[in-house]
Every structure is written in structure tokens, then in C-alpha cells.
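The structure displayed is predicted, hence computed values, not measured ones. Residues take their numbers from the sequence shown, with the count starting at 1.
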Amino acid sequence: MPLLEVLPTLKQLTRKEKFEVVQFLVADLESYDKPAAVSLSEVSGVYEVWSPIDGSEAVALAMEELLEEHRTNA
């Protein structure tokens with residue numbers, strides 16, 4: 001299947017699905033390389049990726065804690 005046919009479908013995937021596609025492609029590309037002492041697929045796993053997009057709640061909580069600490073020390 002030509003790349004130009006696949007791209008529109010890839011753009012419709014969720015963020016998580018896109019990471020899974022990348023993970024699949026890296027593992028597939030690795031199979032073309034010479035065998036290493038330890039391959040990426042042996043040590044890799046599923047890892048949650050932090051994004052600042054989802055960090056607003058943590059920032060708000062940290063700000064509240066800092067303000068509270070400032071009030072009690074003032």
C-alpha cells in the first residue's frame with residue numbers, strides 16, 4: 001500500500017494509537033538490523049508518555065499548595 005494512501009488513516013488515529021504504530025514500526029525496522037546483544041524489543045515495554053497538555057491539573061494543585069504554604073508562613 002503506498003504511503004500516500006496510509007497517511008490519511010494515520011492522521012485519524014488517537015494519540016495512543018499513533019504511539020502504538022510507532023512502536024510497531026520501530027520493532028519491525030529493528031528486525032532488519034543485525035542482531036544486537038540486547039534488542040530494543042527485549043527491553044522495551046509499554047510506557048506511559050507524559051505530556052504537558054495533560055499537566056494543567058498538576059500545575060493547579062502545585063500552585064494551590066505553594067499559595068497555602070505562603071499564607072501559613074506569612
Side-chain angles (χ1 to χ4, degrees):
M1 178 178 279
L3 181 61
L4 291 176
E5 290 181 23
V6 175
L7 289 178
T9 303
L10 290 173
K11 285 190 169 277
Q12 294 176 1
L13 296 176
T14 65
R15 180 180 174 90
K16 181 180 184 275
E17 291 170 331
K18 288 177 183 177
F19 277 113
E20 290 171 350
V21 168
V22 169
Q23 202 172 22
F24 168 79
L25 291 173
V26 167
D28 188 56
L29 287 171
E30 183 184 41
S31 69
Y32 293 104
D33 295 336
K34 293 179 184 176
V38 176
S39 69
L40 289 176
S41 58
E42 290 174 10
V43 295
S44 67
V46 176
Y47 302 97
E48 188 170 326
V49 176
W50 181 84
S51 168
I53 293 171
D54 299 329
S56 59
E57 291 177 11
V59 170
L61 179 61
M63 185 60 125
E64 286 178 29
E65 291 174 0
L66 286 171
L67 289 171
E68 184 62 33
E69 183 179 321
H70 179 71
R71 286 184 205 121
T72 57
N73 292 335

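- The salt bridge (charged side-chain N to carboxylate O under 4.0 Å, His left out) pairs that include a residue from residues 60-70 are E68-R71, where partners are two or more places apart or lie in different chains.
- Residues passing the side-chain hydrogen bond (donor to acceptor under 3.5 Å, both in side chains) test with T14, sequence neighbours excluded: E17.
- V59 and L66 are assigned to two separate hydrophobic clusters, defined by single-linkage of ILVMFWY side chains at heavy-atom distances under 4.5 Å.
- Partners of E20 according to the salt bridge (Lys or Arg N to Asp or Glu O under 4.0 Å) rule, which considers only residues two or more places apart in sequence or in another chain, are K16.
- Considering every non-hydrogen atom in both K18 and K11, the closest pair reads NZ-O, 3.6 Å.
- Hydrophobic cluster membership of M63, counting Ile, Leu, Val, Met, Phe, Trp and Tyr whose side-chain heavy atoms lie under 4.5 Å apart directly or via other members: L67.
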